[in-house]
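This report concerns only the one structure given below.
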Amino acid sequence: MGLYDIIFYLFALVTVSSAVVVVSAKNIIYSAFSLLFTLFGVAGMYVLLGSDFIAIVQLMVYVGGILILLIFGVMLTNKVTNVEIKSGSIQLLPALIGVVVLAVLLIMLMTNTNWHIQPGVIPQTTTKELGKLLLTDYVLVFELLGILLLIALVGAASIARREE
Amino acid sequence: MLQVGLQHFLIVSSILFALGIYGIVTRKNAIMVLMGIELMLNSANINFVAFARYGNFGLHGQIYALFVIILAAAEAAIALAIVLNLYKTFAKINVDEVNNLKE
Amino acid sequence: MDGFPILSLLTFLPVLGMVIILFLKKEQEKEIKYTALIVTGLQVILAAILLGNYDYSMAGINDVNSFQFVEKFRWIEVTGLSWLGTLKVDYFMGVDGISVPMVLLTAIVSFIATISSWKIPKALKGYFALFLLLDTGMMGVFVSLDFFLFYVFWELMLLPMYFLIGIWGGPRKEYAAIKFFLYTLVGSVFMLLVMIGLYFSATETLADGTQAFTFNLLALMNQANYTATGILSPYNPENWRFVAYIALFVGFAIKVPMFPFHTWLPDAHVEAPTPISVILAGVLLKMGTYGLLRISYPIFPDVTRELMWGIALFGMINIVYGAFVALAQKDFKKLIAYSSVSHMGYVLLGMASLSSAGINGAVFQMFNHGTITAMLFLIVGVLYDRTHTRGLNDFGGLAATLPRYTGFVTVAFFAAIGLPSMSGFISEALVFVGAFGVETTRTLAMISTLGILLGAAYMLWTLQRVFFGKLNEKWADITDLDTRELIMFIPLTIIIIFLGVYPSFMLDIMSTSVNSLVEIVTTSFSNITVSGL
Amino acid sequence: MDMTNLSELVGLLTPEISVSLFLVAIVIFDLIFNKDKKILPFIALAGVAVTLFFVVSQYGEIAEPIKSGMITVDKFGLYFKVLILISTVFVIFFTLSSDEIKASADRLGEYYTLMFGMMLGMFMLVTATDLILIYLSLELLSLSSYVLAGFTKLRSRSSEAALKYILYGAVSSGLMLFGISLIYGLTGSTNLYAINDYLLSSNGNVVILALASVMIFAGIGYKISAAPFHFWTPDVYEGAPITITAYLSVASKAAGFAMLVRILYIGYVSVSDATGHWTVIEAFDWQMLLIVISIFTMTLGNFTALWQDNLKRMLAYSSIAHAGYLLLGVLVLSNQGLIAVLIYFFFYMLMNLGAFYIVMLIANKTGSENINEYDGLGYTSPFLGVALTICLISLTGLPPTAGFIGKLYIFIALVDAKMIAVAVIALLNSVVSLYYYVRVLKHMFLTKATETTPVVKASSFEKIVLLALVIPILVFGVYFEPIINFAKNSLAGFGL
Amino acid sequence: MSDATLVFISLVILFLPLAGFTIVIHLGKKFPKLYLFEVGLQLVVLLLTIVVAVVKLATPESVIISEFHWFSLGDVPLVGNMVVDLGIKIDNITVLMMIVVNLISFLVHLFSVEYMKGDKRYTRYFAYLGIFTFSMLGIVLTHNLLMMYIFWELVGLSSYLLIGFWFEKDSAADAGKKAFLVNRVGDIGMFLGILILFTQYHTFTFDTIYAQIAAGNLPFESTAWLTAAGILIFMGAVGKSAQFPLHVWLPDAMEGPTPVSALIHAATMVAAGVYLSVRIFAMLTADAMLVIAIFGAFTSFVAATIALTQNDIKKVLAYSTVSQLGYMVMSVGIGAYAFAFFHLVTHAFFKACLFLGSGSVINSMHHEQDIRNMGGLRKKMPITYLAFLISTLAISGIPLTSGFLSKDGLLAGSIAFGSLTGHWLIPIIGFTVAAMTAFYMFRLVIITFHGKPRNQDKYDHAHESPRVMTLPLIILSALSIFIWYTPNPIAAADGWFLQDWVKTPASVVPQEVRFDFMKTDAAHETNAEEPGNEIVHSEMYTEAMHHAHYPAMFLSLALGGLGILFAFMLYQWKKIDPDKLAEKLKPLYKFSLNKWYVDELYHATVIAGTLAWSGLLSWFDGNVIDGIVNGTATVTRFFSRISNWFDTFVVDGIVNLSALISGFVGLTLRRLQTGKVQSYILFVVFSVLIIVLIFQPF
């Protein structure tokens with residue numbers, strides 16, 4: 001068990017345990033902050049998997065964008081004077097059964113499947129290669145995502161905007 | 001077994017996925033549900049990157065992860081907008097209480 | 001008559017009338033009525049012209065060359081459909097001895113129903129528009145020679161019927177209407193499946209020499225046209241012909257209506273307004289038996305032969321059961337409705353014998369039942385118009401105040417009983433001659449004679465309860481038939497008696513075709529094994 | 001990839017580019033003509049027209065499918081694009097007379113923008129042959145529709161619909177994404193052709209393949225509202241503005257089916273014989289899955305619809321049931337079935353749009369879609385009554401309406417595949433469906449009009465739009481050759 | 001006169017009454033005098049009939065057949081051209097029967113002019129008479145079974161109309177219905193018999209069928225079927241001729257106007273059954289004949305016993321009619337073909353006379369029908385009395401009357417039959433009935449016309465009927481004298497009637513199923529091959545008949561005389577007190593009778609044993625036979641109610657149940673739609689899991 005492994009387990013532990021908190025904490029703020037750790041953990045995984053660029057993007061977009069957005073959402077939907085940030089849970093038992101079965105099934109399959117494993121070179125810097133791919137093979141998707149973001153912008157604005 | 005390989009990442013992603021779904025179906029607060037969705041997407045992303053790394057499929061997996069992250073952002077934005085709007089109309093955001101449309 | 005599309009005209013004239021009516025204003029009631037009257041009158045004239053030009057010596061059934069007034073055009077043709085090759089649907093109409101009586105019947109009954117509709121209380125425009133659409137549907141069924149076309153017409157009359165019962169009907173009209181609709185739809189969906197199955201089982205040679213799957217009924221009657229592997233092909237050892245036959249049979253049987261699929265009929269009849277009951281009993285029920293003769297018999301003669309006893313059994317049950325139930329009725333209209341069940345049983349019984357006399361009798365009985373039952377429903381309608389009740393025990397002694405009406409009632413009732421000199425006798429007698437003459441159905445025919453007795457019993461009992469005995473003072477001052485009503489009754493009476501005295505008029509039309517049908521149904525598709533599920 | 005590839009790509013994507021440009025144009029015009037938004041529908045219509053031009057010209061040029069990277073341009077896709085464009089035109093027309101949308105007239109720019117966003121998503125969806133692109137297109141489509149479903153945001157039911165829609169959609173697409181990731185892990189690619197190659201050559205790992213397939217199907221099932229992935233449908237259909245409901249029920253469902261056909265017939269197929277019958281890989285029994293799903297879907301849709309008093313909701317369930325019928329065309333795994341799906345969709349589009357339009361016109365007047373509002377309507381508003389009757393009869397599948405032809409073809413495909421039992425179940429289902437469709441007729445015609453019965457006068461524009469839907473229903477009911485030819489030609493170039 | 005002319009005139013005879021009916025029924029309302037037209041028409045018909053009869057009987061051997069295709073079923077596969085013919089056959093029997101029908105019909109027309117006067121449907125009555133005459137003539141003239149059946153039913157219709165003529169009375173309407181229905185039972189049998197024959201021979205024509213049978217072509221290749229066909233067709237006669245057990249309608253039918261009873265329910269229609277039996281005689285096998293004989297004998301006995309006690313003048317006559325019809329039927333069954341027909345003719349006249357006589361009495365007594373209220377009428381109504389008496393003598397079989405001739409022959413036949421086959425019961429019954437007949441008829445005469453008036457008030461108002469009513473009586477009673485039939489008042493066989501006109505046709509059935517005495521002698525072998533060629537019976541039978549003639553004559557005379565004597569003893573001379581007799585036998589009754597029968601006991605004055613037996617049979621008739629009819633009706637109604645219930649609840653129920661289930665399924669499925677999106681999502685997750693677990697190939 002080398003350093004790599006130890007780091008993995010560390011990240012895995014952080015990711016999973018904070019994810020557990022995310023989905024179980026009563027206080028929504030706790031959940032949000034746990035999500036931060038989860039996202040960090042996942043970013044760490046990316047690093048371990050040799051995709052530094054994705055890790056950075058993960059941090060920037062998720063932590064810097066999505067998470068902040070969520071926290072804003074929490075704040076906007078709870079009046080300051082009447083902070084009701086605790087939230088309950090519903091249908092725990094069926095959910096637990098379903099999720100446990102799902103998890104066991106998934107883990108069994110993940111471990112028992114004969115995956116296509118081929119040791120290959122790990123690129124040192126992925127950013128440039130990614131950039132190239134993005135503008136050649138995936139240029140179509142790239143453009144599409146542009147429009148998607150525009151749509152998101154327009155849509156979010158349209159919905160969230162205060163009506164006169 | 002302890003030697004970290006593809007399976008390990010996959011197990012982590014599986015757990016994240018399961019937890020994500022758990023969060024989605026159990027949390028009352030709409031925003032917490034959204035967090036669950038993010039967990040789901042993250043788990044898929046781990047898969048993509050891990051498969052790309054271990055299967056030597058090139059960088060495609062990473063690209064997919066990138067797309068998904070962007071998409072997740074867009075989705076989160078719209079979802080939050082909808083939640084905010086819901087809050088304005090219903091003055092509540094507990095998903096289970098928003099059930100006027102049924103049967 | 002060459003080239004003159006008389007069948008299309010007959011079929012679509014009512015649609016034309018409907019369009020005219022739709023363009024009229026709601027308030028122009030007179031114009032609307034007369035349009036309908038003229039259209040149906042023209043239909044009668046056209047039917048008469050058709051009969052005048054009809055060549056009695058040509059058989060039809062499965063040979064296009066001996067069909068008459070044939071109109072055949074390529075309607076839909078799509079080529080190059082992967083392995084399907086060509087998909088085609090023909091606009092294919094023609095008449096033979098089995099359809100001509102039905103065409104006549106449809107024209108006559110529609111005309112009389114139009115007169116009977118004269119006093120429809122509300123929404124005349126809609127009523128007559130739907131009525132004419134219904135007319136087209138019925139006529140179309142009887143002249144179509146392409147299964148697809150047949151099916152389209154078959155379904156076409158469902159909706160108008162639904163509305164006609166549902167809007168202009170009695171107190172439980174909605175229930176009756178939807179019941180009718182659902183029942184017949186169940187039947188027709190099975191028919192649809194068989195139609196598709198047949199489509200994939202036989203091919204027809206096109207003008208350019210290629211083979212194409214076909215809906216052409218005549219092509220489907222030819223064993224040589226079947227492919228080796230078609231699902232309903234007799235050459236396919238694992239064919240589904242038996243099942244398909246049953247499915248098709250159920251589809252038609254619901255329309256007939258055959259026990260135990262008959263329960264829609266009393267409801268529909270009782271709730272429908274008089275003219276619609278007339279149409280229902282007069283024409284619609286015949287579509288079922290006509291379908292059996294036109295489609296089931298010649299296309300599945302092998303299965304027909306296997307199942308003739310079963311069909312006869314159901315015919316017998318219809319006869320006896322219908323009569324028993326009729327006997328118990330307290331509602332005049334319901335009684336007539338059940339008598340229809342009983343009388344249609346004769347048609348089934350006759351058909352089941354697969355003999356010339358039986359089938360001739362069956363077709364003739366279809367016509368006769370059409371006219372007689374139409375009259376019976378008119379009779380109930382006339383009485384209901386005046387008294388607003390149909391309870392058999394609410395009347396009594398009406399013969400004293402309504403002598404003219406009672407006269408027609410007596411004629412109609414005795415015609416229904418099968419009194420000689422009236423048309424019903426000949427057909428029923430032929431049915432029995434046919435059914436008795438074949439060993440398979442002999443016992444059933446003998447049991448069915450019970451129906452003759454019971455039929456007389458309920459009819460005479462009704463006659464007695466309603467018309468004889470002490471006059472119920474409540475109805476002391478109701479009026480006898482007026483001219484309009486006479487106009488409805490007289491033609492029917494004349495037809496009933498004329499055909500009773502001179503049945504050749506009708507039998508000559510059909511006998512050539514029927515004999516050909518008997519030949520086909522008893523001999524073709526032999527040497528093949530019918531396998532079940 | 002060099003510039004020739006790129007220009008080739010541009011050449012192949014003219015319709016999509018057109019849509020995108022008009023999308024941007026709408027945004028810009030919306031900003032310029034801030035006060036008067038009347039011009040926007042015309043820009044939208046122009047956009048549809050131009051796009052239609054490109055689609056049609058592409059249809060004429062393309063003989064064989066052209067595969068380029070993540071997309072495949074073929075007539076099959078173009079058929080669906082035509083379908084989508086036609087329904088877009090009608091939805092724009094609907095919008096013009098929708099009171100709901102008029103109430104939010106100041107956000108009309110967003111409305112059309114998002115509609116074009118949906119359109120673009122659908123276009124990409126029917127063109128894509130790469131799972132990632134499929135996923136992203138699906139998301140583009142979904143994101144736009146989430147917003148549109150909640151477009152009348154001040155109405156609580158609209159907001160609720162949007163929330164449910166997005167949560168449900170996000171989970172479904174999340175499942176699909178996870179499935180895609182598993183497929184990617186198994187095959188090393190997301191390209192359907194490559195996946196197919198892999199699946200044909202390898203025969204291990206069947207369990208994980210099944211899981212991935214089902215997860216992907218969850219995404220598809222959500223889009224086509226197949227049970228048990230349909231739950232969002234009734235709630236969202238009821239909550240969303242009717243124009244959007246109509247659009248979702250037709251166009252977005254069409255795109256979903258195109259996606260299903262692509263994935264199934266490209267990704268999973270193993271043999272396609274000369275007679276047009278297909279076989280899928282043995283590892284996962286797609287056919288049985290689809291049979292079960294289809295029967296379940298139509299049964300659930302029909303039986304639940306029996307109990308609906310809200311017409312919009314009833315139509316939602318009916319559209320679920322129709323998804324079940326449409327699945328029949330897919331599951332027979334034959335060209336015949338695909339033709340049936342194409343034909344069915346065309347007719348389904350006409351009748352469903354017609355029905356929704358009338359429901360909308362009536363709701364404009366009454367503010368409600370409750371069936372009791374329809375009592376006696378056939379007398380006060382005969383035109384609408386008759387038109388709705390025709391649409392509903394067509395939805396039931398009775399001749400002589402187009403709906404019958406659609407059903408007929410589905411059953412032709414079924415009988416051809418010897419799936420008699422399935423056909424019988426489907427037919428009995430259609431009998432059940434009759435009941436609730438006719439129930440509307442009952443309320444319209446069999447119940448007498450009272451003074452509370454609204455008199456809904458359709459404007460001549462509305463009448464023309466309605467006639468443009470209803471007349472084809474009747475005409476195609478008796479003369480359907482052009483549509484069959486169209487479908488057949490579109491399938492001739494189906495890429496494999 | 002050529003055959004063609006004869007046929008033409010016959011057709012005119014057939015259709016004139018129909019024309020009369022059509023005209024009178026349609027115009028009768030406007031022109032009430034049209035009844036005269038109808039009467040005149042009937043006179044014309046009668047005259048034409050006489051012409052035809054005279055011409056035809058001049059050449060007794062000839063048979064004229066004229067037929068045409070009624071309809072055809074075309075070229076039927078396996079059979080060839082199938083044609084259904086209608087046609088008429090004029091032979092001696094036909095013309096004799098035509099005379100009977102038309103003569104009585106005319107006389108009844110005449111009688112009715114006065115009798116029905118003042119009725120509100122006066123002209124319609126005559127129209128109905130017209131259609132009856134038409135129908136009856138159809139039966140007489142036909143040469144085939146189908147036409148026979150057709151007119152058979154039409155006769156039933158006219159009978160229905162006439163019985164129920166006073167439909168305001170429930171009893172009349174009921175009786176009409178009952179008559180029609182009971183007849184239908186027989187008709188169905190007849191119809192089935194016809195079907196058997198048609199199935200085999202594809203024709204309805206008598207002669208063709210007989211030719212085929214003679215050629216050895218049997219129905220379904222079996223003599224049993226031939227027997228069955230015979231018995232089944234005979235069932236038609238059972239109904240129409242009111243044979244046991246279908247005789248119940250006839251007494252009720254007396255609800256109709258009395259002239260109608262005379263015409264239809266005494267002379268003509270009810271005799272149609274006998275006529276039919278006569279027509280099918282050639283194809284009857286021994287078994288069939290025996291069945292017929294037993295039916296006939298039993299009927300005659302049952303009816304006679306009942307007639308003993310009846311007090312309604314028309315009921316007595318009705319039961320006597322039933323009894324006499326039983327005689328005729330029995331006579332056919334025992335092979336005394338000629339005497340059956342002979343008795344038919346003679347009975348027609350004297351029974352019509354009796355009925356018209358009773359009508360005359362009833363009319364003058366202001367519609368009083370109970371004989372207990374009559375008496376002494378011979379002084380008030382001498383002509384009626386005389387006519388009635390002559391007819392009564394005839395029916396009782398007193399020499400010099402026609403009845404003596406026919407009855408004697410018939411009884412001789414029965415003795416011959418008994419001696420040849422050992423079935424002695426039949427002659428025994430025959431003679432018993434003869435005695436009873438004489439008794440009850442004289443009882444009727446004595447009670448009605450002799451003695452002292454029992455109801456002075458009614459008696460005072462009674463008067464002799466007008467001439468238009470007495471004339472028919474006179475004519476008919478005159479026809480009850482022997483001279484019209486034979487010059488020899490004690491043996492009919494020598495007369496022209498039997499010698500020249502009516503001859504027994506040869507049987508066509510295979511030898512082995514004939515009675516021994518009917519087997520063809522070698523000498524007749526060749527003749528027998530040609531059906532229709534009328535020959536007398538075998539030597540054996542002729543000889544037996546010959547031997548039986550005198551014993552039969554004396555025995556019947558003795559018994560008849562005894563009966564009459566008894567009647568006189570009881571009623572005229574009061575040597576025996578009928579009431580006392582009844583009193584004596586009271587205990588025999590008690591255990592089985594209710595009050596109504598006690599009443600009957602008081603008024604019935606018959607000898608002890610017969611009395612008890614009569615009451616028992618009357619009870620049997622009222623409760624068992626009618627009870628069976630009523631019981632059948634009850635059971636039928638019960639069944640129909642069950643069917644109705646079944647229809648409403650089971651058949652409909654299944655339909656509604658499936659609708660209910662549909663609804664329930666919908667309701668359950670609807671519950672899934674909770675409105676909570678998270679539940680939906682959970683459902684989706686579970687669905688995915690379940691699908692994977694089901695569809696993955698572990």
Side-chain angles (χ1 to χ4, degrees), chain B residues 6 10 13-14 17 20-21 24-25 30 33-34 36-52 54-58 60-61 63-65 67-68 70-72 74-90 93 95 97-103, chain D residues 131-133 135-136 138-140 142-144 146-147 149-150 153-171 173-191 215 231-232 234-240 304 307-310 313 316:
Chain B
L6 176 59
L10 296 180
S13 93
S14 303
F17 186 76
I21 287 181
I24 293 167
V25 298
V33 175
L34 291 180
I37 292 173
E38 301 305 338
L39 289 183
M40 268 179 87
L41 295 179
N42 267 294
S43 82
N45 270 355
I46 293 175
N47 279 359
F48 276 123
V49 177
F51 284 133
Y54 285 95
N56 197 19
F57 299 146
H60 299 286
I63 288 261
Y64 300 157
F67 294 155
V68 174
I70 296 167
L71 194 120
E75 198 169 66
I78 288 184
L80 272 173
I82 288 173
V83 170
L84 284 179
N85 181 50
L86 189 80
Y87 181 69
K88 274 189 273 179
T89 46
F90 276 78
I93 55 168
V95 178
E97 290 164 23
V98 182
N99 60 352
N100 292 337
L101 299 168
K102 61 181 169 188
E103 288 194 341
Chain D
L131 286 175
I132 277 296
L133 187 57
Y135 171 72
L136 292 174
L138 186 70
E139 282 293 296
L140 175 57
S142 298
L143 285 178
S144 315
Y146 300 149
V147 178
K153 57 186 185 181
L154 295 178
R155 299 172 71 171
S156 61
R157 68 174 190 176
S158 188
S159 306
E160 182 184 339
L163 177 76
K164 285 183 177 174
Y165 197 10
I166 193 165
L167 292 183
Y168 196 97
V171 173
S173 57
L175 282 172
M176 185 178 186
L177 183 68
F178 199 84
I180 292 174
S181 76
L182 292 179
I183 292 278
Y184 176 67
L186 279 174
T187 65
S189 172
T190 51
N191 189 294
M215 283 180 150
F231 288 103
W232 63 279
D235 296 1
V236 171
Y237 277 20
E238 187 184 346
T304 319
W307 292 92
Q308 302 307 323
D309 287 335
N310 184 300
R313 207 172 168 84

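For a residue to count as touching a neighbouring chain, one of its non-hydrogen atoms must lie under 4.5 Å from one of that chain's; by this rule B/I78 touches chain D with backbone and side chain alike. For a residue to count as touching a neighbouring chain, one of its non-hydrogen atoms must lie under 4.5 Å from one of that chain's; by this rule D/S189 does not touch chain B. With a threshold of 4.5 angstrom between heavy atoms, B/A52 approaches chain D through its backbone and through its side chain. In this structure, chain D has a heavy atom under 4.5 Å from the side chain of B/F17, while its backbone stays farther away. Interface remark: D/M215 contributes side-chain atoms only to the contact with chain B (heavy atom separation under 4.5 Å). Using a 4.5 Å cut-off between heavy atoms, D/L163 touches chain B through backbone and side chain atoms alike. Neither the backbone nor the side chain of D/L186 comes within contact range of chain B; no heavy atom of the residue lies under 4.5 Å from a heavy atom of that chain.
How far CD of D/E160 is from CG of B/N85: 12.5 Å, rounded to the nearest 0.5 Å. B/I24 contributes atom CD1, which lies 12.5 Å from atom OH of D/Y168 (distance to the nearest 0.5 angstrom). Considering OG1 of B/T89 and CZ of D/R157, their distance stands at 13.5 Å, rounded to 0.5 Å.
Judged as a salt bridge (charged side-chain N to carboxylate O under 4.0 Å, His left out), not a single pair has a partner in residues 179-190 of chain D (not counting sequence neighbours).
With sequence neighbours excluded, the residues forming a side-chain hydrogen bond (donor to acceptor under 3.5 Å, both in side chains) with D/S181 are B/N47, listed by chain and number.
When each of D/I166, D/N310, D/V147, D/L140 is checked for heavy-atom pairs under 4.5 Å with chain B, D/I166 comes out on top.
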> Do D/S142 and B/E75 pass the side chain to side chain contact (heavy atoms under 4.5 Å, CB included) test, and can you show the C-alpha distance, the side-chain angles, and the key distance before you say yes or no?
Replying inline: CA-CA 9 Å; D/S142 298; B/E75 198 169 66; over 6 Å; no
>> Using the rule given for side chain to side chain contact (heavy atoms under 4.5 Å, CB included), can you reason through B/L71 versus D/Y135, listing the C-alpha separation, both sets of side-chain angles and the distance that settles it, and then say yes or no?
In response: CA-CA 10 Å; B/L71 194 120; D/Y135 171 72; 3.5 Å; yes
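The shortest distance between side-chain heavy atoms of B/F48 and D/L177 falls below 4.5 Å.
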